[in-house]
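Chain letters run A, B, ... following the sequence lines, proteins first, then strands; residues in each count from 1.
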Amino acid sequence: MSGRVSYARIYEVVKSIPEGRVATYGQVAALADIPGHARQVGYALNALPDDSGIPWQRVINARGEISRRMDPQYEWIQKTLLEEEGVEFDARGRVPLSEYRWQSGGDGGADLGDE
DNA sequence: GCAGTGACTAGTA
DNA sequence: ATACTAGCCACTG
């Protein structure tokens with residue numbers, strides 16, 4: 001593969017994000033078995049074609065807002081797509097991570113009850 | 001192999 | 001609360 005990081009693994013994690021939920025780059029990286037490589041996650045999504053079927057719009061930065069891309073128009077696209085899924089933005093145009101942050105695992109949330 | 005770049009994050013002022 | 005800095009590491013030329 002082109003790089004050491006398995007892009008497929010990143011895409012798998014992003015695809016597993018349930019609708020109406022969002023995850024941070026750092027969270028996706030950790031779930032992709034590459035903790036700390038949040039930047040690489042964004043890079044992988046950048047190489048992702050629009051028709052890949054990957055819900056890249058569900059990935060946002062740790063602040064809960066949409067990261068700036070080369071083309072600012074994508075900001076609006078991502079925001080619209082999330083709203084279509086039921087994600088609500090606050091007056092600041094940010095997503096309340098405490099409410100929409102995806103809890104990995106579906107593990108039944110054994111202990112993620114809290115935050 | 002070096003330099004520049006970037007859809008990040010955490011820390012500091 | 002915002003603004004700036006440094007660290008991070010993989011991809012491209």
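The interatomic distance linking A:Gln57 (CD) with B:dA7 (C1') rounds to 13 Å, in whole Å. Nucleotide B:dA7 holds its P atom 14 Å from the OH atom of A:Tyr11, rounded to whole Å. One atom, CG of A:Asp33, and another, P of C:dA10, lie 13 Å apart when rounded to the nearest Å. Put simply, CD1 on A:Ile17 is 13 Å from C1' on B:dA7, counting in whole angstrom units. When the C1' atom of B:dT5 is taken as reference, atom NE2 of A:His37 falls 17 Å away, rounded to whole Å.
A:Glu12 meets the side-chain hydrogen bond (donor to acceptor under 3.5 Å, both in side chains) test with A:Lys15; sequence neighbours excluded. Here A:Thr24 pairs with nothing under the side-chain hydrogen bond (donor to acceptor under 3.5 Å, both in side chains) rule; sequence neighbours left out. Listed by chain and residue number, A:Arg9, A:Ile10, A:Val13, A:Ile34 satisfy the side-chain contact (heavy atoms from CB on, under 4.5 Å) test with A:Ala32 (two or more places apart in sequence, or in another chain). The salt bridge (charged side-chain N to carboxylate O under 4.0 Å, His left out) test applied to A:Glu75 returns A:Arg68, not counting sequence neighbours. Among residues two or more places apart in sequence or in another chain, the side-chain contact (heavy atoms from CB on, under 4.5 Å) test is passed with A:Arg21 by A:Ile17, A:Pro18, A:Trp102.
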List the atom pairs, donor and acceptor, that lie under 3.5 Å between side-chain atoms in residues 42-53 of chain A and the rest of the protein, sequence neighbours left out.
from	atom 1	to	atom 2	distance (Å)
A:Asn46	OD1	A:Arg69	NH2	3.0
A:Ser52	OG	A:Pro49	O	2.9
A:Ser52	OG	A:Ile54	N	3.2

Base versus backbone protein contacts along nucleotides 8-13 of chain B [heavy-atom cut-off under 4.0 Å; B, S, -]: BS----
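Dashed line: the shortest gap from a side-chain N or O of A:Tyr43 to OP1 or OP2 of B:dT5 is not under 4.0 Å.
Remark: nothing in residues 76-89 of chain A comes within less than 4.0 Å of DNA chain B through any heavy atom.
Note on residues 81-90 of chain A: pairs passing salt bridge (charged side-chain N to carboxylate O under 4.0 Å, His left out), not counting sequence neighbours, are A:Arg58-A:Glu85, A:Lys79-A:Glu83.
Put simply, CD on A:Gln78 and CH2 on A:Trp56 are 5.0 Å apart, with the number rounded to the nearest 0.5 Å.
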